[in-house]
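Okay, so here's the structure we're looking at.
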2 protein chains.
Amino acid sequence: MEPARAAEVASVGTEMPEQCARCSVRQFTVCAPLDAAEMRRLTEIHRFVELEAGAPITEEGQPADHVFSVSIGSVRLYKLLSDGRRAVTGFLFPGDLLGLTSRDRYACSSEALTAVRLCRFPRRPLESLFADIPKLERRLLAMASNELAAAQDQMVLLGRKTATEKVASFLLQLSRRQEARLLPGDPVSLPMGRADIADYLGLTTETVSRTITQFKTTGLISLQPQGRVALRDRAALEECAEG
Amino acid sequence: MEPARAAEVASVGTEMPEQCARCSVRQFTVCAPLDAAEMRRLTEIHRFVELEAGAPITEEGQPADHVFSVSIGSVRLYKLLSDGRRAVTGFLFPGDLLGLTSRDRYACSSEALTAVRLCRFPRRPLESLFADIPKLERRLLAMASNELAAAQDQMVLLGRKTATEKVASFLLQLSRRQEARLLPGDPVSLPMGRADIADYLGLTTETVSRTITQFKTTGLISLQPQGRVALRDRAALEECAEG
DNA sequence: CGGTTACTTGATGCATATCAAAGAGGGTGG
DNA sequence: CCACCCTCTTTGATATGCATCAAGTAACCG
């Protein structure tokens, strides 16, 4: 047994793995409510997975053997129609959960949008833990409920908002999600391309681009290097977003 | 103690209330996995609520004090934009759950679409039961996951399907949901009006009407009394639905 | 620095919205 | 029991927001 692990071994059952102790989004993940001993139980079954930008993570319809928690980076969730049309059903950021389903198949395909680090939990062992750690199941239910509420907002956006309202809502959504992770809400970083945004909002890349240009022209936002967007007039954007 | 109750009294803790024993959709509801003793625990806190068509059930943003299970009838879920535009986020049928949220406010407004009977559970006592009946929480998580998968399908529909595809998908969805309740999948009954369908599909009533007329003309469906739709060519509808 | 991909901008077209009005049920009261 | 009225649905004519088609421009990468 190598010296580097001595401390860990000395505290079996009470200390969590170093990587988790250092995890910057633990308080927002599925792990949030767990104490050190429970964390240890959970980490007995998990594995870290690192992927580069563009790598596939899950494929719609394939066996849902794992649940993932995004640790670093961003992920795009999507579904395809038979003729190739694509709908992006969501973007995931650190702390978000991926692959939760009650069926035995993934509901969506997903790909790394940037380089990502994921915590991967095999599903059966994870579900077995529910019996010993009810907090874990409680947490998953809360996260699923939140996702459901977000999905309903997205349905309103897709079904009843104009292109301008959609793009404004999108920028504000990303801003709020940054704030939820205790990051500044401005500038907003856009790790995804215009095509991803378009497929998420039910628009075309051209319309997204034109709308962003319009916001830029009217002084609501300004574009910064590396896909960052500064919100110059948040109140006006909020106004835009609601109609 | 009246004779009619003798059998029930003789088996306290093992028999479920008569109304639940007779419930035609119990196997599809939150109650599905519970045994008689657990059912009794659950029914200690629930109350039956009967409402006539059009009655409000929940209002978006109001305190989420209760969770409901639809027992008889249909419900429409919706959200409003500030200028009055409406998005219907879902229709509920017997067995479906209403009002599940991890926040303290309802995410959607809801109204009875027909006369309905609901089982109403006060939220705090319900959550207290989770500790004693883990199956209950497991069941809610499964139901929430299913709703999430349905919400993702709806996002694809709203964001990327044409009017024809939307209406075809809608008819098939209702048909499948009837089948899931072990009812015939054909004819499909439409308890909601064209305006509800339009707000659910991100269309106008006129477009919904025209599309239905077109399906009728091309022999894919035929309209029957009381808002029933016979699926004359299911395969062609499926084809329509996917593009 | 050249090649490639992503983004932006412009011109045109179409699917669906909007505006308008005529049928069709469905319930109620005479 | 029928006639009327109200609401919902259907149908028609026109308008428009966004898609599509088509270049041009900027950003990125090797």
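Throughout, protein chains are lettered first and strands after them, A, B, ... in sequence-line order, and every chain is numbered starting at 1. Only heavy atoms go into these numbers, but all of them, side chains included; no hydrogens, no water, no symmetry mates. Computed from a predicted structure; not experimentally measured.
The side chain of B:T207 contributes an N or O atom lying less than 4.0 Å from OP1 or OP2 of C:dA17. Neither OP1 nor OP2 of D:dC8 sits under 4.0 Å from any side-chain N or O of B:T205.
The minimum heavy-atom distance linking A:D96 with A:R177 is given by the pair OD2-NH2, 2.8 Å.
B:F93 has its side chain out of reach of B:V25: every pair of non-hydrogen atoms, C-beta onward, lies at least 4.5 Å apart. B:D196 is listed as a side-chain neighbour of B:F91, based on a closest heavy-atom distance under 4.5 Å.
Residues forming a side chain to side chain donor-acceptor pair (under 3.5 Å) with B:R123 (at least two apart in sequence, or on another chain): B:E127. Under the rule for a salt bridge (charged side-chain N to carboxylate O under 4.0 Å, His left out), A:R26 has no partner lying at least two apart in sequence or in another chain.
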What does the list of N/O pairs under 3.5 Å between the protein and nucleotides 21-23 of chain D look like, with a distance for each?
residue	atom	partner	partner atom	Å
D:dC21	N4	A:E206	OE2	3.0

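Residue-level contact check: B:L203 touches the backbone only, with heavy atoms under 4.0 Å from sugar-phosphate atoms and none from bases. A:G202 comes within contact range of the sugar-phosphate backbone alone, with a heavy-atom separation under 4.0 Å but no base atom that close. Contacts of A:L201 with the nucleic acid, taken as non-hydrogen atoms under 4.0 Å apart, are absent. Residue-level contact check: A:S209 touches the bases, meaning some heavy atom is under 4.0 Å from a base atom.
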Self-check item: Check against side-chain hydrogen bond (donor to acceptor under 3.5 Å, both in side chains), A:Q214 and A:R210
Solution: CA-CA 6 Å; A:Q214 171 204 319; A:R210 277 185 246 272; over 6 Å; no
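The separation between B:R86 atom CZ and C:dA17 atom C1' is 17 Å, rounded to whole Å. Computed from coordinates, the A:Q214 CD to C:dC7 C1' distance equals 17 Å when rounded to whole Å. Put simply, CD1 on B:I197 is 9 Å from P on D:dT10, counting in whole angstrom units. The CG atom of B:L190 sits 16 Å away from the P atom of D:dC8 (whole-angstrom rounding). The CD-P distance, from B:Q226 to C:dG27, rounds to 10 Å in whole Å. Between B:Q224 atom CD and C:dG25 atom C1' there is a gap of 16 Å when expressed in whole angstrom units. Per the geometry, NZ belonging to B:K166 stands 11 Å off C1' belonging to C:dA15, to the nearest Å. The CZ-C1' distance, from A:R194 to D:dA19, rounds to 18 Å in whole Å.
Of the two residues near DNA chain D, A:P225 and A:T204, the one whose nearest nucleotide lies more 5' is A:T204. Nucleotides of DNA chain C nearest to A:V208 and A:R160 differ in position, and the one nearer the 5' end is that of A:V208.
Using cut-offs of 30° and 60° for the angle between ring planes, the A:H46 and A:F48 rings count as perpendicular.
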